[in-house]
Structure formats: structure tokens, C-alpha cells
Amino acid sequence: MTQDNPEAAVHEAMGRGDYRQALTLLMGLYGKSIYNYCRHMLGHDANAEEALQTTFAQAFVDFPRYARRAPLRQWLQGIARHRCLDMLKTMRRESKHVERPETTPDAESDEPSAEERLHFGTVGRQQLAHCLDQLDAEVRDAILLRFMEELSYEEMAKLTGKRAATLQMRVARAMSGLRKCLEASGVTL
Amino acid sequence: MTCDRFETEGLARFVAGEPLEAHFEECADCRAARASYQSVASALQQARGAYSPPGDWEAKVWARVARNRSTRRWPAVLGFAATAAALGVFVLGSLRGPEALVLTADAERGTGPVVRGGATGRSDVRSMAPGEVLVLRAKVPRGKQGDVRVYRGANELVFQCANTPACVRVKDGLEARVTLDRAGIYRAIGIASDGPLPAATGNLDADYAQAMRSCDRPQHCATELTPIEVR
């Protein structure tokens, strides 16, 4: 059933060679979550959009080679992850100190808005984004995969090529760093 | 004295989703630490929908897909050119000559303004209403035969120049008027060939690939507009 497995319709479209339909469905299913992952990884609206576009354009090219070893979501996540890490390398090359300007209208505000508080509880979006920025890229990647993408450590290990135990340590380190940073920003946890 | 066992022992188990031993329930410091980490985890989970991509991002992906197709064969062409140059062969002229196949689109919207767009870099026609007329103009390289095809989705051929009087020959190519009467995503391609044009297959990708295969210079034989949504 499509309702049980949202990817079933994509697989059907791919099966009959209708890659356009497959891409349309895939963008509808995962566009927003991939954008959020990229936005949190890169810390920048325009770069996140660039990564989002290249991820799906690459998926279209790679459809014939998709071997169903992983769900489409994870396959797509793998493409997005590589694009984001590549972009971070490029950004580092261009500037020793990567500037990651916030481009959202409320970027200047350190205090979470009432809407944000409602949405995130005590932790504001800007504060969370700021503290994620303080983490190393690989550590940030690990915590986003675990808690935002809700991948298991085994799934993360397949995606990243790292050992599950290593990833678990990275996530624990990231959690500790995030907690300290959020508390230093005045967030009561 | 505060207890830091949750930091040193409990956190690793917490992030692994493993059960915690009794101490972490009994110790007030550890309970507080655990609650803090639970808040961090919840904030991360809720941040999953914090940002939304710009509204036109899907159209940009399609434009990128179309661009990739047009340039896919260039590495091979450039590789050949480099080899030829190394052999001392002087290649006259540019491979990207002025005679590339060009497809452009205008949307006729009643008495309102005409919106120009297309694959040549002008602002794209991205959405239309049912019943509006899409005017397609294909500039076909000299000596080639050309066709314009419009698909609704990937597999429904709704228009083909070769089969309809709604398509006329103009000075340097073809001009077609297509009424888009139903909602959906429409995709238009222009194709050209030195010999007889390949028959429509009923699948846009296959038509495009067929045109590319029979061609020495990709940009002379197939081009695709940004998809147009009718709603």
C-alpha cells in the first residue's frame, strides 16, 4: 500500500522507466527534509538551496543505477550528505574562517520568538542553529542523522562508512557540546 | 558534591537508546542531566521542519536536469577536441556555433501581457491556467528537419508539430500554438535531425534520447524547456 510505504509509488514509476514521475514524487516526499538537513549542515539559505537542487538533479541521473540496497530516503540522504560535505570543503577553501551568515528575516534576534518557543519549546531555532554551527562538520552530521533524520547507528554506518561505535561517540560528544552551548546562550533546559 | 555519572557513563547509553541502570533514576543530578539531554534531543527532532525551501526550487531542479542533458556529451566532445589538437589538427570554428537548436515559449493569456520564456535564458514560463495557449518557437539549424513535441507528464504526447496544422513553418524554423486544456505538468522538447526525424515513442525521455543518439552535436539536435505547470 502506498500509504504504508510512501516510496512505493516512486518505485513503481522507476520500474516503468518514468524517471520524471519518480523525481516529481521524490521531491514531494523528501524535498523539505533534505533542505532542512542541508540548511542545518551549511548554515546558509542559498547554499542549502544549491545543495538541495544538486541532490535531486543527481538523483535523476543516478536513478538507473539505484540498486534498492537501501530505502530511497537513505539513498537520497547519502547524495545530500556528500553534496553538503563537498560544499563545506569548498567554503573552507574559499575562506579560512567560514562565515555562515543567517539570511532569515529574524536572523538578528538571539531571543527565540514566541512562535519559535511554541514550536521548539524552550530552545529557539536561532540558538539551536548557532550551537550546531559550533560543532565540527562530521559531528554535526552525525547528530543530524541520528536525531533529525532518525537513522539507526547501523543505517548511519552504512551511509557514512564509519563504525557504529564511532558514530555513537560522535553523537554523545555533540549532545554534550550542544547542551553546554545552549545553556551558555541562556537557554534553560 | 554533584554527580557527573550521567555525563561520563549515562550519555553514551542514552544516545544509543539503551536502558539505564537504577542509579540514573535515583540520583537527582543524573535525572536533571538526563532531562536536559532529552530537551536537546526534542529540539533537534522538532527542528526537522524548521526551514522551508523556496517555492520555485522544484522548477530549478528541472531546469538543472535539462541543462545537464544538454551538456552530458560535452566531456566526450571536448576529449576528442583535445586529442585532435594534440595531433596537430586545427579545428576550424566553434562547436557551439550560432546554429544551435533553440526552443522558446510564450504564454498567451487572454488580453493580458505575454510572458516570454524558454530554454535560452530568458525568464521562464513556469505556470499557466487551463485553456491558455502556449506558443512555441523552434529555431532549427540549417539543413536539418525539426519537430516540437509537448508531453503531459512523461508519457502522454499531447502535441507534435509533424501531425498538426497548428504548427507552421516560419523563416528559420517552426512555430506552434498549443492549448494546454488540462491541469498537469507539461514538458516541451525541440528535436532536429539531418535525416528523417525519429517517430515519437510516447515517452519524453525516450524521444529525447533518440534525438541525441542520432546526432553529432547534442546542442543541435535536442533541447527541452523548463516544465510548465498548468493549474
Side-chain angles (χ1 to χ4, degrees), chain A residues 13 16-21 23-24 27-28 31-37 39-40 45 48-49 52-58 60-61 104 116 119-125 127-129 131-132 143-144 146-150 152-153 164 168-169 171-172 174-176 178-179 182-183 187-189, chain B residues 4 6-18 32-54 56-69 72 151 153-156 184-185 187 201 203-206 208-209 224 227 229:
Chain A
R16 59 177 187 270
D18 189 347
Y19 295 137
R20 290 176 169 276
Q21 177 71 2
L23 185 64
T24 302
M27 288 195 291
K32 187 167 180 179
S33 67
I34 292 290
Y35 181 75
N36 268 275
Y37 167 81
R39 179 62 181 74
H40 283 105
D45 290 338
E49 191 189 352
L52 176 71
Q53 287 176 30
T54 54
T55 295
F56 282 94
Q58 186 67 47
F60 186 80
V61 172
T104 44
E116 281 182 331
H119 191 66
F120 292 116
T122 55
V123 182
R125 184 176 72 181
Q127 289 161 314
L128 183 64
C131 290
L132 281 169
I143 200 167
L144 292 177
R146 179 73 186 104
F147 287 103
M148 280 183 54
E149 302 304 320
E150 294 187 325
S152 68
Y153 287 103
Q168 205 169 306
M169 280 173 58
V171 171
M175 287 293 274
S176 180
L178 270 185
R179 181 190 173 198
L182 288 166
E183 286 178 342
V187 175
T188 307
L189 294 169
Chain B
D4 65 353
F6 191 86
E7 291 285 344
T8 56
E9 300 169 36
L11 184 55
R13 299 184 72 84
F14 173 80
V15 300
E18 293 168 2
R34 183 184 176 180
S36 295
Y37 284 113
Q38 190 59 57
S39 293
V40 175
S42 298
L44 284 163
Q45 282 157 354
Q46 288 171 19
R48 195 181 304 144
Y51 299 101
S52 294
D56 60 348
W57 76 272
E58 294 188 7
K60 287 179 181 170
V61 171
W62 286 120
R64 203 176 273 251
V65 166
R67 278 202 304 276
N68 289 349
R69 285 176 150 178
R72 200 173 296 163
Y151 277 81
N155 296 312
E156 185 184 350
I185 304 291
R187 298 188 171 90
T201 62
N203 176 279
L204 183 135
D205 288 326
Y208 195 99
E224 180 181 0
E229 184 176 7

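Values reported hereafter were calculated over all heavy atoms of this structure, with side chains retained and with hydrogens, waters and symmetry mates removed. Lettering of chains follows the sequences in order, A, B, ..., and the numbering in each one begins at 1.
Proximity to chain B involves both the backbone and the side chain of A/Arg179, based on heavy atoms less than 4.5 angstrom apart. For chain B, the nearby part of A/Glu49 is the side chain; its heavy atoms alone come within less than 4.5 Å. Using a 4.5 Å cut-off between heavy atoms, A/Thr24 contacts chain B through both its backbone and its side chain.
The nearest pair of heavy atoms linking B/Val65 to A/Ala57 is CG2-CA, 4.1 Å. Across A/Ser176 and B/Leu11, no two heavy atoms sit closer than the pair CB-CD2, 4.1 Å. Between B/Ala50 and A/His40, the shortest heavy-atom contact is CB-CE1, 4.4 Å. In terms of heavy atoms, A/Tyr153 sits closest to B/Ala16 at CE1-CA, 3.8 Å. In terms of heavy atoms, B/Tyr51 sits closest to A/Ala129 at OH-CB, 3.9 Å.
Between A/Phe56 and B/Trp57, the ring planes are tilted. Angles from 30° to 60° get that label.
Interface remark: of the candidates B/Ala41, B/Ala12, B/Ala32, B/Ala41 forms the most heavy-atom pairs closer than 4.5 Å to chain A. Listed options B/Ala35, B/Ala33, B/Pro54 were ranked by heavy-atom pairs under 4.5 angstrom with chain A; first place goes to B/Pro54.
A donor-acceptor contact shorter than 3.5 Å is absent between the side chain of A/Asn36 and the backbone of B/Ser52.
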Verdict with supporting geometry, B/Val15 and A/Met175, side chain to side chain contact (heavy atoms under 4.5 Å, CB included): CA-CA 8 Å; B/Val15 300; A/Met175 287 293 274; 3.9 Å; yes
Chi angles and distances behind the salt bridge (charged side-chain N to carboxylate O under 4.0 Å, His left out) call for B/Arg48, A/Glu149: CA-CA 8 Å; B/Arg48 195 181 304 144; A/Glu149 302 304 320; over 6 Å; no
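Within the 4.5 Å cutoff, side-chain heavy atoms of B/Leu44 are placed close to those of A/Leu178.
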